[in-house]
Structures are given as structure tokens and as C-alpha cells.
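Have a look at the structure below before the remarks.
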There are 2 protein chains.
Amino acid sequence: MERKTFDTAPCSIARSLDVLGDWWNPLIIRECLYGVHRFDEFQKWLDIGRNILTRRLKQLVDEGLLEKRPYQDNPPRFEYHLTDKGYDAAGVLLALMAYGEKWHFENGNEPIRIFDRTSGARVMPALVDARSMRAIDARQLYAGPGPAFPADKSVRRSRFVEYFARQGDGKRPAKTTE
Amino acid sequence: MERKTFDTAPCSIARSLDVLGDWWNPLIIRECLYGVHRFDEFQKWLDIGRNILTRRLKQLVDEGLLEKRPYQDNPPRFEYHLTDKGYDAAGVLLALMAYGEKWHFENGNEPIRIFDRTSGARVMPALVDARSMRAIDARQLYAGPGPAFPADKSVRRSRFVEYFARQGDGKRPAKTTE
DNA sequence: CCAGTTAGTTTCATGATGGAACTAATAATA
DNA sequence: TATTATTAGTTCCATCATGAAACTAACTGG
């Protein structure tokens with residue numbers, strides 16, 4: 001599986017995919033969100049091989065998305081719970097869920113619903129721009145290199161075509177704020 | 001790869017993972033977002049085997065995330081562009097990017113930045129509840145079955161523990177709106 | 001005529017996967 | 001006491017997907 005590792009790639013997406021670019025890991029996180037926390041339950045609901053499950057749980061714990069919580073001493077038994085990082089990853093899954101509902105289910109016929117723990121109100125995850133608070137439409141966007149992107153100019157140019165087109169000659173972002 | 005297919009699973013996440021739960025497909029979509037559209041460019045930037053790339057492009061076209069656009073006749077050559085569905089998937093990647101920036105890069109040292117095509121302003125993707133427009137914290141949520149979830153009661157109960165706990169006896173959501 | 005470009009396909013060794021059976025430690029049951 | 005159940009793994013193995021490299025194919029440009 002980790003044939004190729006992206007954990008040093010200069011890309012937030014690629015690095016995250018090292019753990020989340022997989023069929024099982026996101027589903028394990030989903031189960032945690034549903035309220036499932038034990039080995040055999042994961043195994044049962046996901047119908048995943050026990051060996052694979054073992055490996056995945058280990059990986060998720062190593063990567064800091066899950067933590068093991070003992071719930072019994074003899075024999076020692078553990079539950080797997082989401083960490084802060086794991087909950088953030090679960091947020092990504094909510095975005096994925098919204099996408100999946102839109103494209104794989106009829107409107108109003110979704111398989112899962114999400115609610116707020118305190119108000120009990122339905123929650124509808126949506127992606128917005130944190131500044132304008134307006135819904136994000138990827139068609140309306142273009143990408144450019146940030147501070148952590150490798151400096152090689154020719155690489156940047158041939159890849160972030162629109163970004164450099166807008167800057168005249170790569171001096172500085174034209175109409176770009178910040 | 002498609003050892004196990006989730007395309008009939010009663011879960012928006014699982015179905016989406018059939019295509020997006022992979023290392024390469026999301027990265028190919030990312031490249032499209034960057035402005036990369038041709039076979040050899042994908043191959044070069046991603047350092048992906050040509051055979052694998054062939055398969056993945058085919059899959060993404062089949063699944064309706066990419067479309068082939070001829071740009072030359074002799075010999076026939078194509079560019080791969082995002083469809084509406086593909087752009088929505090790209091939105092999910094933006095959520096993933098935000099997650100990756102938070103957990104894999106220092107603040108302000110991100111590798112990629114996103115801008116609005118018309119205003120040129122920086123865009124910061126964030127997940128909110130479409131109703132309250134407040135940031136979503138997965139810790140604050142619980143899940144319950146929706147209309148498209150299988151009816152088996154014992155299954156529902158042992159999985160959506162909190163949901164059923166809140167309903168008293170599974171009659172109807174207690175404080176749940178809608 | 002020969003090198004270069006672009007988009008693949010083919011072949012093959014290797015590694016990840018899924019399935020089934022097995023271990024282990026303990027509790028509950030007869 | 002013997003037996004079965006529960007829970008969480010581990011081990012073994014056949015098969016499938018992957019990645020690397022070489023090859024094909026259709027054209028272009030000098």
C-alpha cells in the first residue's frame with residue numbers, strides 16, 4: 001500500500017493522502033464518528049480483513065488520528081477514539097459526504113444525517129471561503145505556489161499557468177491580496 | 001485496486017471513496033486545478049507510471065469527473081478537463097488541503113495558495129454548517145440514519161448509539177429539527 | 001531521413017490485499 | 001471441571017494491483 005509515500009511532498013493534499021487516500025482509513029474514522037470504537041465492531045460493520053484492520057488501526061494511531069483507550073484490564077482491551085487531528089480529518093469526511101450525497105443520492109434521500117450535539121439541529125456541511133463566507137466554487141479558483149513550495153521557477157510556471165499569467169512576469173501577484 | 005467496491009454502499013462517503021479513496025485520482029484532480037491537462041504533464045509532475053495513469057484517467061472519465069477534449073486531429077490528442085462533478089470533487093480536495101495545512105505545515109508556510117478568479121483575492125476554504133454558517137467541529141456532532149439507510153433496527157441501534165439514546169426509544173428525534 | 005513529441009500498451013517482479021484458520025486470555029455457562 | 005463465548009489479535013497463502021522499463025504508434029519539424 002505505501003508503495004509510494006507522499007509524506008515529504010510539498011503539498012497538503014498529498015501528505016494527507018498518505019493516510020486518508022485509502023479506502024479503509026476514512027471508513028474507520030467514519031465508524032468512530034458513528035459511535036463505533038472496538039476492533040470486532042469495526043471488523044463487523046466494515047467487513048474488513050482482521051489483519052488489514054490491525055494494520056490500519058496501528059497506522060491511524062501512529063499518525064495521531066486515533067488514540068487507544070483501555071476499557072478493561074484482564075485481558076487488556078482498548079477502544080479507539082478520535083483525537084483532535086482525527087476529528088479534523090472527520091471534518092474532511094463531512095465534505096466528502098456532502099459531495100457523495102449530491103452525486104450519488106437523490107436530494108433528501110441521503111443515508112446519513114448529521115446533528116449538533118447541543119442543539120440537536122440538523123447540520124449541513126458546506127465549504128465556504130472563511131473571509132467572504134460565500135460558498136466555494138472550484139471553477140472560480142486558480143492556484144499558485146505558497147511559501148513552502150519549491151523555488152524552481154520553470155517548474156512553477158509550467159504548472160501554475162494562470163497564476164503566472166496574472167502576474168505579468170512573475171514579479172508579484174497583480175490583483176492578489178495578501 | 002477495486003478489490004472491494006463500495007459503489008452500492010448506503011453511504012455517501014463510501015461511494016465517493018470508490019473513486020477518491022486512492023492516491024492518484026485526487027492528485028490528478030489537483031493537477032487539473034493547477035492548470036495541468038495533458039498526459040505527459042500529469043506523468044511528469046506526479047511521477048506516476050504511464051500504465052497506471054492511463055487507467056486512472058479512464059476511470060475518472062468513466063466516473064464523470066474528467067472529460068476528454070480534443071485539441072489536435074493528427075494524431076488525435078486530448079486534454080483532460082474537470083467536469084462539474086470533478087470541480088465538486090476538487091472542492092473536497094480543498095477541505096483536505098485545509099486539513100493538511102493545519103497538521104502538516106506551519107501556519108503561513110503553506111505550499112499552495114488559492115485565489116479567486118475574478119477578484120484575485122486569497123481564498124481560505126473552511127467547513128461550515130450551511131444553516132448557522134458557523135464553523136463545523138466534528139466533536140460537536142453525532143450521526144443518525146437518513147432515509148436511504150437500511151431499515152434493520154438492530155443494526156441502526158448498535159451503530160448510531162448516540163442518535164438512538166437521544167430519541168428515547170427510536171420513535172422520533174427528540175430535539176432534532178427536520 | 002532522423003530525432004523529437006505525445007499518448008499510450010506490454011511485460012514482469014514485487015508488494016498489498018482479503019480470506020481463513022489459529023492463538024491467547026479471560027468470563028460465563030453447564 | 002469442562003465447554004463455550006468474547007475480544008483482539010497474528011499467521012499463512014493465493015491473487016490482484018502496482019511501478020518500472022521497454023516498446024509501439026502516429027505524426028512533426030528540420
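Below, chains carry the letters A, B, ... as their sequence lines are ordered, and counting in each starts from 1.
Between Y80(B) and dA7(C), a side-chain N or O to OP1/OP2 separation shorter than 4.0 Å is absent. Close to dA8(D), at under 4.0 Å from its OP1 or OP2, lies a side-chain N or O of Y71(A). For dT10(D), one of the phosphate oxygens OP1 or OP2 lies less than 4.0 angstrom from a side-chain nitrogen or oxygen of T54(A). Phosphate contact (OP1/OP2 of dT17(C), side-chain N/O of W23(A), threshold under 4.0 Å): absent. For dG18(C), one of the phosphate oxygens OP1 or OP2 lies less than 4.0 angstrom from a side-chain nitrogen or oxygen of W24(A). Listed pair R38(A) / dT6(D) fails the phosphate criterion, with no side-chain N or O lying under 4.0 Å from OP1 or OP2.
Separating the CD atom of Q43(B) from the P atom of dA20(D) is a distance of 10 Å, rounded to the nearest angstrom. Rounding to whole angstrom units, CD1 of residue I52(B) and P of dG8(C) are separated by 15 Å. dG9(D) atom P lies 13 Å from atom CD1 of I48(A), rounded to whole Å. In this structure, CD of E79(B) is placed 17 Å from C1' of dG8(C), rounded to the nearest angstrom. Regarding K58(B), its NZ atom lies at a distance of 14 Å from the P atom of dA7(C), rounded to whole Å. For the pair L53(A) CG and dG18(C) C1', the computed distance is 13 Å after rounding to whole Å. The CZ atom of R56(B) sits 16 Å away from the C1' atom of dT9(C) (whole-angstrom rounding). As a whole-Å value, the separation of K44(A) NZ from dA8(D) C1' is 15 Å.
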Let me check something: any side-chain donor-acceptor pairs from residues 63-70 of chain B under 3.5 Å, sequence neighbours excluded? List them with distances.
{"from": "E67(B)", "atom 1": "OE2", "to": "R69(B)", "atom 2": "NE", "distance (Å)": "3.3"}
{"from": "E67(B)", "atom 1": "OE2", "to": "R69(B)", "atom 2": "NH2", "distance (Å)": "3.3"}
{"from": "R69(B)", "atom 1": "NH1", "to": "H81(B)", "atom 2": "ND1", "distance (Å)": "3.4"}

For residues 145-152 of chain A, dump all side-chain donor-acceptor pairs below 3.5 Å to protein atoms at least two apart in sequence or in another chain.
{"from": "D152(A)", "atom 1": "OD1", "to": "S154(A)", "atom 2": "N", "distance (Å)": "3.0"}
{"from": "D152(A)", "atom 1": "OD1", "to": "S154(A)", "atom 2": "OG", "distance (Å)": "2.9"}
{"from": "D152(A)", "atom 1": "OD1", "to": "V155(A)", "atom 2": "N", "distance (Å)": "3.2"}

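Residue F42(B) is out of contact with every strand shown, counting any heavy-atom pair closer than 4.0 Å. Among the heavy atoms of the strands lying under 4.0 Å from R55(B) is at least one base atom, whether or not backbone atoms are also near.
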Between the protein and nucleotides 22-30 of chain D, which nitrogen or oxygen pairs come in under 3.5 angstrom?
{"from": "dC27(D)", "atom 1": "O3'", "to": "N74(B)", "atom 2": "O", "distance (Å)": "2.9"}

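For R139(A), the side chain to side chain contact (heavy atoms under 4.5 Å, CB included) partners are D137(A), D84(B), Y87(B), D88(B), not counting sequence neighbours. Take A95(B) and apply the side chain to side chain contact (heavy atoms under 4.5 Å, CB included) test, not counting sequence neighbours, and it matches A95(A), L127(A).
Cation-pi contact between R38(A) and Y71(A): present, with separation from the ring centre below 6.0 Å and deviation from the ring axis of at most 45°.
Clustering of Ile, Leu, Val, Met, Phe, Trp and Tyr by side-chain heavy atoms under 4.5 Å joins M133(B) with V128(A), M133(A), V128(B).
Interface remark: the N51(B) side chain does not form any donor-acceptor pair with the dG8(C) base, using a distance-only criterion of under 3.5 Å.
To the nearest 0.5 Å, the span separating CD on E101(A) from CG on L96(A) amounts to 10.5 Å.
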